[in-house]
Each structure stands twice: as structure tokens, then as C-alpha cells.
Amino acid sequence: MLVYGDVEHMESVAAVRASITRMMMACIEMQPSRQRHEALVQAFILTGELVQALADEEFGKNGMDDVSELQDAGAKLLLMQAREIMHSWRNGFAGTFSFPEDWTATLEFLDSADPVRMKRAEGYAFYALYPESYIEAALISKLTPKTVVIGIRSIGTGLAALVSAALGAEPAYSLRPTGHPFERQVHVTPALSKRILADPETDFAIVDEGPGLSGSSFGCVGNWLQANGVASGRLHFFPSHAGEPGPHASKTHLTRWRDRPRHVVSFGDLILTTQDPKHRLHTWAADVVGVARSSWRDLSGGAWRDVRFRDPSLWPPSYMQMEKRKFLMEAEGEAWHVKFAGLCGSDVDKARRGSLLSEAGFIPRIAGTCYGFIIEQWIVGTPLDNGDVGRRHLVDHLGRYLGFRARHLTARNGGASIQKLCEMAIFNIAEAAGSHTAEKLRRSIGAPERLAGRLRRVDTDNRLHPWEWLTSTTGRIIKTDALDHNAAHDLIGCQDIAWDVVGACVEFELSRKECDRFADLVGREGDCDLRDDVLKFFEACYLGFQIGLWSQAKGSVDGAETARIERTIKRYLDRLPQLIDI
């Protein structure tokens with residue numbers, strides 16, 4: 001099902017270098033603190049994205065990974081940053097940074113006359129992958145400084161530098177697997193092969209996020225090393241989780257994965273259950289809200305439903321693997337929602353927008369941020385679909401909320417094109433309802449190109465489901481999780497406000513009359529033109545996306561959760577006849 005998307009953007013190399021320089025200089029001037037550490041990690045992540053982009057540019061020209069002075073400079077710079085991250089982390093964020101004098105010259109060596117395609121690292125952005133976990137995993141691996149470290153692009157470019165720093169090894173190499181997602185291969189020139197394989201009797205560390213459905217990125221590097229004379233017993237894996245590859249793993253990959261050491265320190269061990277309070281998320285969040293002691297409850301993976309709904313028969317569905325890490329912190333008669341919002345400074349960016357929405361009365365108060373997490377007030381209330389809220393009042397509130405977003409919140413990312421949205425919808429509906437239904441829908445909504453000049457991307461909510469709303473004890477309607485869903489690991493991103501309008505109409509099952517009044521209100525409040533053909537197009541795309549998303553979720557659950565998801569999918573399928581004459 002076509003629902004995932006990579007956050008990519010074209011950037012001037014000079015502009016990215018300037019940003020990295022500003023970040024690095026700011027770190028040098030800051031006093032030792034967790035905030036300084038966070039700033040250094042942001043610079044490191046951006047550097048990794050630049051080095052990856054330049055390496056992929058060279059790969060695109062050569063068709064192979066090759067010896068490269070540019071990539072050597074990038075690996076050297078990343079290793080320098082990784083060493084300082086390690087020292088800051090292991091010293092409890094104390095001490096001074098000791099960057100070598102030539103770091104600026106090394107950075108300037110990273111150059112290209114053309115813009116490069118920058119790709120956001122998914123683990124840092126969505127899945128609470130903290131770079132320090134690779135440092136800790138390497139420190140307990142017992143590998144020596146002679147280990148050859150290979151990072152798998154994209155995110156492995158930077159992760160490998162962290163492993164090299166902890167081992168005291170030479171700068172890491174990076175390789176780009178290509179081909180079918182379940183049958184990746186690497187292509188390496190003889191010159192680079194000679195460098196990497198100079199001592200086949202040493203140990204080799206293969207570093208990346210994952211493994212995913214097939215583990216073929218890890219596996220193809222292992223295949224290449226073994227095909228070039230490296231014994232299987234010399235291979236060590238540094239993944240992001242302790243699990244095995246998914247159901248599409250080959251027998252060779254799976255056997256090797258089970259046989260060889262996997263060096264992992266989990267998110268929980270790193271910042272939840274660690275004995276060092278300076279490294280504990282609980283401590284960071286308590287400092288932000290100014291409390292000394294507090295209770296802590298994990299709400300991740302759908303566990304939030306037990307707090308909001310109590311009765312499991314009332315629980316909405318949850319795509320547990322896609323949910324971000326979240327916690328409930330309570331102290332001194334107050335409660336806070338602590339939710340992962342992404343590294344790279346995206347937590348601060350989202351908090352700023354959240355403050356604007358909070359001041360307008362739409363979402364809970366934002367208390368602050370701490371190293372990738374947003375902290376907001378926890379509202380005690382009744383889920384909106386169980387509350388006693390009049391329909392007219394509900395529609396008016398939804399209209400004001402979306403109108404406010406359309407008028408005051410500009411788009412932060414591009415999101416999928418309308419052509420891509422249409423392709424996704426037709427594909428998913430064909431898979432779920434048959435090609436005949438999909439073709440009739442395609443003819444009904446017409447060519448998306450005709451709408452292009454009439455759309456305006458804004459900071460859409462992208463999650464208007466009733467369970468995302470509360471009625472507070474004072475009667476206020478409150479939107480929860482209003483900051484993340486247009487920057488999730490799917491292809492939607494920021495869209496025209498019509499995406500949210502049809503989302504609300506579908507999720508709250510508004511009547512035709514209610515939909516018309518709702519769209520008119522959003523149009524007036526948001527100064528936008530919401531015509532019927534635009535709404536029909538986006539509703540088709542919205543249904544196709546939700547059908548694909550929840551169909552994917554169904555494959556990873558069982559029991560009562562399966563039944564909840566099946567009911568959800570059926571509700572979307574049942575709405576299709578309203579768009580087309582089946």
C-alpha cells in the first residue's frame with residue numbers, strides 16, 4: 001500500500017554549510033549543559049544529511065561507491081563531531097569541546113556546484129532513535145580500534161561515525177545499497193574495495209537503522225564482505241532494535257542475523273531506565289515544568305487509550321508501530337503529556353506553533369521542550385465521540401479551528417503532489433475494493449492537474465478523527481496531537497486545507513448540509529476557496545490513504561485490535577459509493 005513517504009528537499013550546499021558553521025560556533029560559545037549537547041547533535045545530524053547527499057550525488061554519477069576525497073572529508077568531520085558528542089554524553093554534559101583547528105577547512109571541502117537532495121533521517125525524526133545509543137552499544141561491544149566500520153546510507157552515514165568514535169577506530173566508510181527493497185545489492189569499485197578490505201582478518205561493524213521487512217540492506221553488505229573473503233565470524237551488526245528482520249528476509253540473511261552479534265542499546269535502556277539521572281528523560285521533563293518528584297507512565301503503542309477510554313470496548317484502533325513515544329507525567333496536582341517530536345530542532349519548531357494554537361484556545365498549553373520531546377499540559381476530559389456536544393457547536397468549532405490553521409499557519413514541508421495523492425488513492429482502492437471500483441473513481445474525480453493552480457498548501461492537521469478530541473471539564477473542545485501528523489513518516493505532508501475539511505467530514509460523518517456549512521465557515525475564516533470538485537478529489541485521496549494505512553496496520557496486530565481496524569477500514573470502504581456510482 002502506498003502510504004509512506006521520504007522527506008526530501010533540494011538545498012544549496014553553501015547554505016547548508018553555513019547553517020552547520022553557525023550551529024558549531026554556537027556550541028563553542030555555549031556553557032556546558034544538556035542544551036549545548038542538543039545543539040551539537042543537531043549540527044551532527046545536519047552534517048550527516050549533507051555528507052549522505054554528496055555521497056549519493058557521486059554515486060549517481062558513477063553508478064558505484066568509489067574512493068572519494070570529498071567523502072573522506074565528510075567522514076573525518078562526522079567522526080570529530082561524534083567524539084565530542086560521546087565526551088559530552090559520558091561526562092554528564094560537562095566539560096569543554098575540543099574541536100580541531102581545521103574543522104572549518106574540512107567543512108568547506110564539502111562542496112558541490114549543484115543543489116543536492118537532502119533526505120531527513122527517519123529514525124531521528126520519527127522513531128526516537130538517539131545517536132547516543134550507538135555510542136553505548138559500541139562501548140560494550142568489546143570490538144577493538146582496528147575494526148572497520150561501514151555505515152549504510154542514508155542514516156548509517158552518521159551512525160557509523162558514532163560507532164567509530166566509541167571504538168577509537170578510523171573514520172567510517174559508507175555504502176549505498178540499491179535495487180528491490182527486499183533484494184538490495186552494493187556496487188563498489190575495485191579501488192574502494194581494496195581500501196575497505198585491506199585487512200580481511202579484522203572485524204567489520206555494519207551500522208544502520210532497522211532491520212526492516214527484509215533486512216536486505218544489512219544483508220547485502222554482509223554478502224559483499226563474505227564474497228570478498230571476510231569470514232562470517234568477523235561480522236558485527238549495529239541495528240536500532242534487537243528484533244529480527246521481517247517476513248521478507250531471505251534464509252541467508254536470517255541465518256546470518258541470528259548467528260552474528262547484534263550490538264544494541266534500546267531507547268528504554270538509554271534514557272528511561274538508566275541509573276544516571278542526568279541521562280533520564282524523566283529528569284529532563286521534570287526540570288522543564290519545575291517539579292522535583294513525579295510519577296511516570298508510558299502511553300506509547302496505544303496505551304493512551306487505557307487512560308482516555310478505560311473500557312476497552314470503546315477503544316479506537318491504533319497503528320502501534322507508527323505511534324510516537326509518549327508518556328504521562330503527574331506531580332503536585334498537575335499532569336503533562338511528554339511526546340517525542342523529533343531531533344534536529346523540530347521539537348522547538350513544533351512547540352512554537354503549538355504555543356500559537358494554544359493561545360487561540362484550540363490545544364493544551366505548551367510547557368516546553370527537552371531533547372526531542374514536547375511537553376504539554378495534560379487535559380482531563382471526555383473523548384469527543386462520547387461527549388454531549390451539539391452538532392452545530394461541533395461543526396462551528398471545527399470550522400474555526402481549520403480556518404485558523406489555514407489563515408495563520410504556513411506550510412512547513414511540501415507534502416505529496418496531487419498527482420502522487422491520486423496515484424496512491426487509485427492503487428489502494430484497487431487493492432481493497434477491486435480495479436473496477438478504482439477505475440470508476442478515477443474517472444469520477446478527473447485529472448488532478450486541473451486543480452493545481454487553485455490550491456494553497458498550509459500547515460494542515462492531518463488527523464481529525466474523533467478520538468483526537470476532548471471535551472474538558474469546563475466544556476471546552478480541545479484538539480490533541482495537533483502538531484505532528486503533517487510531519488509524519490507518510491507521504492501526505494502539508495496540503496491544501498481541503499484535505500482537513502474532507503477529513504473532518506469523513507471522520508465525524510457530517511451530513512451534506514453540515515459539510516456545506518462547514519466548508520463555507522472554513523473558507524471565510526481561512527480566506528480560501530473550497531469548491532465541490534476540490535473537496536471531491538481530496539475526499540477520494542483521503543479515503544484511499546486511510547484504507548491503505550489501516551490495511552498496513554492490520555498486518556501487525558491480532559485479536560481485538562484486528563477487529564477494531566477491520567471496522568475502521570469497512571467504514572472508509574462504505575463511503576466510496578457516495579463519491580461514485582458503483
Hey, mind stepping through R34 and E38 against salt bridge (charged side-chain N to carboxylate O under 4.0 Å, His left out) and telling me if it holds?
CA-CA 6 Å; R34 192 194 73 242; E38 293 179 25; 2.8 Å; yes
Got W467 and P317 here, is their nearest side-chain heavy-atom distance under 4.5 Å?
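Side-chain contact under 4.5 Å: yes.
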Is L464 close to W499 at the side-chain level, that is, under 4.5 Å between some pair of heavy atoms?
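Side chain of W499 against side chain of L464, heavy atoms only: no contact under 4.5 Å found.
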Tell me whether the rings of F340 and F373 are parallel (<30°), tilted (30 to 60°) or perpendicular (>60°).
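The rings of F340 and F373 stand perpendicular, inter-plane angle above 60°.
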[Y] backbone acceptor or donor facing [X] side chain under 3.5 Å:
X    : Y    : answer
T460 : N462 : no
R457 : C494 : yes
T471 : G475 : no
K350 : A341 : yes
D208 : S217 : no
T283 : P277 : yes

List the steps and the verdict of salt bridge (charged side-chain N to carboxylate O under 4.0 Å, His left out) for D459 and R405.
CA-CA 6 Å; D459 185 345; R405 293 193 78 116; 2.9 Å; yes
Please report the C-alpha distance between R22 and S19 in whole Å, then the side-chain angles of each, then the deciding distance to 0.1 Å, and finally whether the side chain to side chain donor-acceptor pair (under 3.5 Å) criterion is met.
CA-CA 5 Å; R22 286 194 298 270; S19 295; 3.1 Å; yes
Looking at [Y] and [X], is there a salt bridge between them, counting it only when a charged N and a carboxylate O are closer than 4.0 Å?
X    : Y    : value
D484 : K324 : yes
R297 : D306 : yes
R120 : E49  : no
R575 : E539 : yes

Verify whether one side chain among [X] and [Y] offers a donor that lies under 3.5 Å from an acceptor in the other.
X    : Y    : value
E136 : W89  : yes
S294 : H282 : yes
H37  : S88  : yes
N486 : D461 : no
Q81  : T47  : yes
H263 : Y134 : no
D276 : T274 : no
E209 : Y124 : no

Listed by chain and number, what are the salt bridge (charged side-chain N to carboxylate O under 4.0 Å, His left out) partners of E323, not counting sequence neighbours?
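E323 satisfies salt bridge (charged side-chain N to carboxylate O under 4.0 Å, His left out) with K326 once adjacent residues are dropped.
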So, taking the atom named [atom1] in [X] and the one named [atom2] in [Y], what distance separates them when rounded to the nearest 0.5 Å?
X    : Y    : atom1 : atom2 : answer
D269 : H279 : CG    : NE2   : 14.0 Å
F93  : Y371 : CZ    : OH    : 7.5 Å
I375 : R365 : CD1   : CZ    : 10.5 Å
L384 : H397 : CG    : NE2   : 8.5 Å
L46  : M24  : CG    : CE    : 11.0 Å
R391 : L510 : CZ    : CG    : 5.5 Å

Is the Lys NZ or Arg CZ of R308 less than 6.0 Å from the centre of W378's six-membered ring, within 45° of the axis?
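Judged by the rule, R308 and W378 form a cation-pi pair.
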Working note: Y542 + E507, criterion side chain to side chain donor-acceptor pair (under 3.5 Å); need CA distance, chi angles, decisive distance, verdict.
CA-CA 11 Å; Y542 182 87; E507 301 302 342; 2.5 Å; yes
For Y319, all residues meeting ring-ring contact (aromatic ring centres under 6.0 Å, His included), sequence neighbours excluded:
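Expected list: none.
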Residue that, paired with Y127, satisfies side-chain hydrogen bond (donor to acceptor under 3.5 Å, both in side chains) out of H489, R325, Q321, E122:
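Exactly one option meets the side-chain hydrogen bond (donor to acceptor under 3.5 Å, both in side chains) with Y127, and it is H489.
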Under the salt bridge (charged side-chain N to carboxylate O under 4.0 Å, His left out) rule, what do K339 and D481 come out as? Steps first, then yes or no, please.
CA-CA 9 Å; K339 180 183 178 182; D481 280 1; 3.3 Å; yes
Go through it in stages, so that I can follow the logic: the residues are E525 and R407, the test is salt bridge (charged side-chain N to carboxylate O under 4.0 Å, His left out), and I'd like the CA-CA distance, side-chain angles, deciding distance and then a yes or no.
CA-CA 7 Å; E525 294 281 336; R407 183 179 290 273; over 6 Å; no
Is it true that atom NZ of K554 has more than 12 heavy atoms of other residues, nucleotides or ligands lying nearer than 6.0 Å?
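Incorrect, the count does not exceed 12.
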